[in-house]
Number of protein chains: 2
Amino acid sequence: MSRDDGVPKTPPVRSRNPERTRAEILSVAVREFAEHGFHGARVERITKAAKCNARMIYHYFGGKEQLYLAVLDSVYAAIRNREGQLRFGTADPGLEARRLVEFTFDYFSENGDFLKLTRNENLLNGKYIKRSQMIRDMSQPFITAIGELVERGHASGQFARKPDPVQLYVTVVALSAHHLNNAATLGTVVGQDLTDPAWQAERRDHAVEVVLTYLGVETSE
Amino acid sequence: MSRDDGVPKTPPVRSRNPERTRAEILSVAVREFAEHGFHGARVERITKAAKCNARMIYHYFGGKEQLYLAVLDSVYAAIRNREGQLRFGTADPGLEARRLVEFTFDYFSENGDFLKLTRNENLLNGKYIKRSQMIRDMSQPFITAIGELVERGHASGQFARKPDPVQLYVTVVALSAHHLNNAATLGTVVGQDLTDPAWQAERRDHAVEVVLTYLGVETSE
DNA sequence: TAAATTAGTCAAAATATTTTTACTTAATTT
DNA sequence: AAATTAAGTAAAAATATTTTGACTAATTTA
């Protein structure tokens, strides 16, 4: 048998890669905080999934709180970035209104972590989002764009109503998000599986119809 | 001066009142779980607010989890009870549709803990609500009543559309709840205070208008 | 290439949180 | 009114969770 008294087991050869490690921690943390919320999230689970040591979280981010903050910033940057690509102002207002609903609906549907993170952040009363000036600034343009869309649609006579842009935006988001945010409780209450893709497809049509009907836009039959 | 060496300080005279203590713990726990969620809730804070000892939670409920379960059941029983008082089926369908939106909107607005608790329960993926057969059973009748309302409204020609009752219900709830559930993040994004009563009054009108317009009911101007 | 820096490991300390044990006494029952 | 039961207290044990200290080695820089 081999003897290696005094000699501790060979330390595994580690490749060093700061960017990769940092990015990996952040990406894993998005999932962990989305899935369990701030209080439910476990530092240990993050390190295991990121195949690194707890010490690294303190090394790269400073602690659990700061990591959470970095996570928030990163997901808001992602959605605002995609919204920016919509480039409203050129096409038919009725079509653009439809695109607004469809984009919002699909983004939430495809990027589940975003809603889960905001749901938790609201549980915390916005404790952390309030600290982020960046998020505030990034969001301004989109609301403005919706205001201009309403303006154009109404001026052209295509929209029967001229709602407050913020109310319209909140409605679009509500119709696109509530069934995802509350799939578990609502699903139990109505006795249906709201996570079923078929259910969600039906929901999408419904959301579009509600918004376009409200605006008074002809929904092509 | 009085001497009482060896004698530990006089234990305060306690009145005993099982019902009151149990009820007090439950009521305080509703607030605590609503405010902080399951993981964020602290047994110690509950005992302090209920002016009792941690031991009592184990005595009356069995533990933190069982207490949370009791809290869930109690708030669902409360809302289903109030809904039952709506007694649909007698008045004008257009008016009843309006009453449905207004009731839902107002209930959420006035009973903040309900939405906060469901928000957290959804964060936990419905782990606990799924265990409660009672909640499932209580909810059935209300969905049925909405189905009948749609049926009547459509048959009488008053509703232009005949939407799926579940979709309609989810929409009503979404329009009534989303701005409350997400006041912190949405408020930051749109740069307005969604908790302001004036804002919420505007929201109420908007929600009613969206739903009635969708149904094709004349909204009296 | 020697020195400095930074990525990374391991284990334990510090903290926070829930749960239980052991006990006291008020209320209820026999 | 003695015996029993249940409400209540205090304190500490058990557990869970985050954070830090002390160290090792890979990479970069002078």
Side-chain angles (χ1 to χ4, degrees), chain A residues 4 6-29 31-33 35-71 120 123-124 127-128, chain B residues 4 6-29 31-33 35-71 120 123-124 127-128:
Chain A
D4 42 34
V7 181
K9 54 171 169 285
T10 337
V13 183
R14 307 156 290 177
S15 62
R16 291 170 62 152
N17 192 336
E19 289 86 15
R20 191 207 132 279
T21 303
R22 208 198 114 102
E24 184 73 12
I25 291 175
L26 188 64
S27 144
V28 163
R31 298 252 58 239
E32 176 72 11
F33 283 119
E35 220 48 66
H36 304 281
F38 180 77
H39 290 294
R42 293 291 169 259
V43 168
E44 203 198 343
R45 270 199 297 255
I46 294 174
T47 60
K48 253 178 197 150
K51 284 191 265 299
C52 73
N53 193 282
R55 197 72 189 69
M56 289 299 92
I57 286 174
Y58 295 85
H59 186 48
Y60 284 111
F61 296 92
K64 189 185 176 182
E65 275 208 348
Q66 291 96 319
L67 176 57
Y68 175 79
L69 221 57
V71 161
N120 176 74
L123 190 79
L124 302 179
K127 183 173 175 188
Y128 298 99
Chain B
D4 43 32
V7 181
K9 54 169 169 287
T10 336
V13 183
R14 305 156 289 175
S15 63
R16 292 170 63 150
N17 192 337
E19 288 85 17
R20 192 207 132 278
T21 303
R22 206 198 115 101
E24 183 73 12
I25 290 176
L26 188 64
S27 144
V28 162
R31 298 252 59 241
E32 176 71 12
F33 284 119
E35 220 48 65
H36 303 282
F38 180 77
H39 290 295
R42 293 291 168 259
V43 167
E44 202 198 344
R45 270 199 297 255
I46 294 173
T47 60
K48 254 180 197 149
K51 284 190 265 300
C52 73
N53 192 280
R55 194 67 190 75
M56 290 299 93
I57 286 174
Y58 295 85
H59 186 49
Y60 285 111
F61 296 93
K64 189 185 177 183
E65 275 207 348
Q66 290 97 319
L67 176 56
Y68 175 78
L69 221 56
V71 161
N120 175 74
L123 189 80
L124 302 179
K127 182 174 175 187
Y128 298 97

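Just so we're on the same page: letters track the sequence lines, and every chain starts at 1. Computed over heavy atoms, backbone and side chain alike; hydrogens, waters and symmetry mates excluded.
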Just how far, in rounded Å, is C1' of D/dT17 from CD of A/Glu32? 13 Å
Hey, could you give me each pair passing ring-ring contact (aromatic ring centres under 6.0 Å, His included) that has a residue in residues 42-70 of chain A? Not counting sequence neighbours. A/Phe33-A/Tyr68, A/Phe38-A/Tyr68, A/Tyr68-A/Tyr128
Can you tell me if the side-chain N/O atoms of B/Thr21 get under 4.0 Å from OP1 or OP2 in D/dG8? yes
Would you name the heavy atoms of B/Ala29 and B/Val71 that are closest together and state the gap between them? CB-CG2, 3.7 Å
B/Lys64 NZ to D/dA16 P: how many Å, rounded? 13 Å
Side-chain heavy atoms of A/Glu65 within contact of A/Lys127, under 4.5 Å: yes
Could you tell me the separation between the CG atom of A/Asn17 and the C1' atom of C/dT6, rounded to a whole number of Å? 13 Å
Please round to 10 degrees the angle between the axis of the first five pairs and the axis of the last five pairs in the helix from C/dT1-D/dA30 to C/dT30-D/dA1. 10°
Which pair of heavy atoms, one from A/Gly40 and one from A/Arg45, lies closest together, and at what distance? O-NH2, 3.0 Å
By side chain to side chain donor-acceptor pair (under 3.5 Å), which residues pair with A/Lys48, not counting sequence neighbours? A/Glu44
Set out, line by line, the N/O atom pairs under 3.5 Å between protein and nucleotides 28-30 of chain C.
none

Between P of D/dG8 and CZ of B/Arg22, the distance in whole Å: 13 Å
If every non-hydrogen atom of A/Gly37 is compared with every non-hydrogen atom of A/Asn120, which pair is closest and at what distance? CA-OD1, 3.2 Å
Note: B/Ile25 and B/Ile57 closest approach over all heavy atoms is CG2-CG1, 4.1 Å
In residues 36-46 of chain B, which ones come under 4.0 Å of DNA chain D, going by heavy atoms? none
Where do B/Leu124 and B/His39 land on the side-chain contact (heavy atoms from CB on, under 4.5 Å) test, with the steps shown first? CA-CA 10 Å; B/Leu124 302 179; B/His39 290 295; 4.0 Å; yes
Short side-chain to backbone donor-acceptor contact, B/Lys64 and B/Ala41, under 3.5 Å: yes
In this structure, how many angstroms lie between the C1' atom of C/dA27 and the CD atom of B/Glu19, rounded? 12 Å
For DNA chain C, determine which residues of residues 48-63 of chain A have any heavy atom closer than 4.0 angstrom to one of its atoms, and list them numerically. A/Asn53, A/Arg55, A/Met56, A/His59, A/Tyr60
